[in-house]
Amino acid sequence: MSSFYDQLCGPGFPLSLEITPPKTSNPVILQRRAALLRDRSRTVNVIQRPDRQSSLEASLELAAADLEPVWHLAVRGNTLESITADARRAVTGGVTHALCLLGDHAPDPSVESPTISAAIRGIAEATPGMVIGATANQYVLDEKAWKNLDGKIRAGARFIQTQPVFEAAAIVPFAEQLKAKYPGVQLVPMVMPLTTAAAAESIHNRLKIDLPRPLAGYLEVGDAEAAWGMFAETAGALRDSPLFAGVAVMTFEMDAHIETGQRICDALG
C-alpha cells in the first residue's frame, strides 16, 4: 500500500486518524484506538502529551504492528541534536512521517530548543527519507503567522495540517492562498465530530474557536443527529474540493465507540 503522503499527492482522499497514546506502553489499548476507522485508514497521527507514552515510542510500536504512524515531534524542550537523533531512530524503526510542532508542555529554560523551521531543516538533512509536515492555525492568519508558515515550508515541510474545521467554507480563503503560494504543498485539514454541548464548550475553551452558529445551535438543544449531518456536510465538501489533499480525523473522546468510527467513515465515503 502506498504511503500517506503518496496518497495525498494522488487522486484519492486519504484519512489519518489522530489518537492519544496510553499513559504507558500498552499495545492492546494503542492498537484498539488506532483501529477506530478499521480498514478505511491505516495511517495514525499520534499526539504528544507530557503525561502519556511518547509519540515516538507509540509510533514505533504502531509501525511494528504494520500501521503507518505520523509521529508528532514536539520541538519545545528538545535540542536540535536530540531531535535529529530521534528522527534517525524513527526512520530505522519504520516511521517515515513526522508532524513537527511546538508542543503544549511547559518550556524548560535550561534547554535551548530550535525554532520549528530549524528543526524541520535539521530533520530533512539528517533523514532525507522522512516526510515532514507542519501545522497551521487557519483562524489566525496575520502577517506574522504567514511568515512563520513560509519558514516551515521553505525548511522542508511537505504537508500542512490545520486546526479543526467545523465548516468547510471558513477554511477556503486560507486554502486558496496556500495553494497559490505553494502549489506543491499538500493541505490536510483536521475534522472532529462534536455531538454534545459539553464537548463544544471544551473545544471552545481550549482552542478559542467559535463554532458555526448552526452547529452550536444543534448542540445547545441536544440534536446529535443534526450535528452529525453537519459533520458529514463539512467532510464531504472538503473531500470534493481540489484544495484539500486528505483529512486528519480526531474524536473528542479518547476511546471513541466503534459506532463513531463507522459514522466518520460513512461521512467521508
Side-chain angles (χ1 to χ4, degrees), residues 2-18 41 43 45 47 70-75 96-104 114-124 128 130-192 203 207-212 231 233-250 267-269:
S2 58
S3 74
F4 181 61
Y5 180 71
D6 289 339
Q7 293 177 62
L8 290 175
C9 295
F13 194 76
L15 291 96
S16 175
L17 174 66
E18 188 155 309
S41 176
T43 304
N45 272 40
I47 294 173
V70 178
W71 165 37
H72 282 205
L73 193 170
V75 172
T96 58
H97 291 63
L99 185 66
C100 202
L101 37 76
L102 185 61
D104 57 6
T115 64
I116 295 176
S117 295
I120 292 172
R121 189 173 296 107
I123 298 165
M130 179 76 77
V131 176
I132 307 167
T135 59
N137 184 351
Q138 72 273 20
Y139 299 102
V140 181
L141 289 175
D142 55 19
E143 183 178 348
K144 181 179 178 181
W146 271 110
K147 183 177 179 180
N148 183 272
L149 184 57
D150 288 341
K152 296 175 186 178
I153 293 172
R154 290 172 181 165
R158 290 193 266 171
F159 68 94
I160 299 297
Q161 183 171 307
T162 74
Q163 291 287 338
V165 176
F166 298 104
E167 188 175 39
I171 195 176
V172 166
F174 166 67
E176 289 176 336
Q177 290 182 64
L178 184 70
K179 181 69 74 174
K181 293 184 71 172
Y182 300 104
V185 173
Q186 307 303 320
L187 182 56
V188 182
M190 182 192 291
V191 292
M192 175 189 290
I203 291 299
L207 301 178
K208 309 305 179 187
I209 295 173
D210 291 324
L211 298 183
F231 173 79
E233 180 182 340
T234 298
L238 296 173
R239 180 196 61 219
D240 295 340
S241 171
L243 294 170
F244 309 104
V247 290
V249 184
M250 185 177 184
L268 284 155

Requested in this report: Mark yes or no for whether S117, through its side chain, and A155, through its backbone, hold a donor-acceptor pair below 3.5 Å.
Outcome: no
**Report entry** Under the side-chain hydrogen bond (donor to acceptor under 3.5 Å, both in side chains) test, residues paired with D6 that sit two or more places apart
**Finding:** S3
Report task. Return each pair, listed once, that meets side chain to side chain donor-acceptor pair (under 3.5 Å) where at least one residue sits in residues 133-148; pairs must be two or more places apart or across chains. Result -> N148-K152
Query raised in the report: Heavy-atom distance under 4.5 Å between the side chains of Q161 and L101, does that happen here?
Result: no
**Report entry** Rounded distance (nearest 0.5 Å) linking atom CD1 of I120 with atom CZ of R154
**Finding:** 13.0 Å
Query - side chain to side chain contact (heavy atoms under 4.5 Å, CB included) evaluation trace for F166 with T234 - result: CA-CA 7 Å; F166 298 104; T234 298; 5.8 Å; no
Report summary line: Between A134 and A157 the two heavy atoms that sit nearest each other are CB-CB, 4.0 Å
Query raised in the report: Looking only at heavy atoms, what is the nearest atom pair of A74 and G103, with distance?
Result: CB-CA, 3.9 Å
Query raised in the report: Residues two or more places apart in sequence or in another chain: which of them pass side-chain hydrogen bond (donor to acceptor under 3.5 Å, both in side chains) with T43?
Result: E68
Query raised in the report: Looking at residues at least two apart in the chain, or sitting in another chain, which of them share a ring-ring contact (aromatic ring centres under 6.0 Å, His included) with Y5?
Result: none
Query raised in the report: Where do I132 and C100 come nearest, in terms of heavy atoms and distance?
Result: CG2-CB, 4.4 Å
Report summary line: Residue pairs meeting side chain to side chain donor-acceptor pair (under 3.5 Å), one or both in residues 173-185, sequence neighbours left out, come to D150-K181, D150-Y182
Requested in this report: Please identify each residue that fulfils ring-ring contact (aromatic ring centres under 6.0 Å, His included) with F231, with sequence neighbours left out.
Outcome: W228
Query raised in the report: Is the shortest heavy-atom distance from the side chain of M192 to the side chain of E18 under 4.5 Å?
Result: no
Requested in this report: Quick one: closest heavy-atom pair of F159 and L99, and the distance?
Outcome: CE1-CD1, 3.9 Å
Report task. Nearest 0.5 Å please: distance from the OG1 atom of T96 over to the CH2 atom of W71. Result -> 12.0 Å
Query raised in the report: Do the side chains of I47 and M250 get nearer than 4.5 Å, heavy atoms only?
Result: yes
Report task. Locate the shortest heavy-atom distance separating A145 from V140; write the atom from each residue and the value. Result -> CB-O, 3.3 Å
Report task. Report yes if the side chains of V188 and S16 come closer than 4.5 Å at any heavy-atom pair, otherwise no. Result -> no
Query raised in the report: Nearest heavy-atom pair of V70 and A98: which atoms, and what distance?
Result: CG1-C, 4.3 Å
Query raised in the report: Taking the side chain as C-beta and beyond, is there a heavy-atom pair between L243 and V172 under 4.5 Å?
Result: yes
Query raised in the report: Nearest 0.5 Å, what's the CZ-CD distance between R158 and Q186?
Result: 10.0 Å
**Report entry** Separation of T162 OG1 from I160 CD1 (nearest 0.5 Å)
**Finding:** 10.0 Å
Report task. Show the numbers, then the answer: is there a side chain to side chain contact (heavy atoms under 4.5 Å, CB included) between V165 and V247? Result -> CA-CA 10 Å; V165 176; V247 290; over 6 Å; no
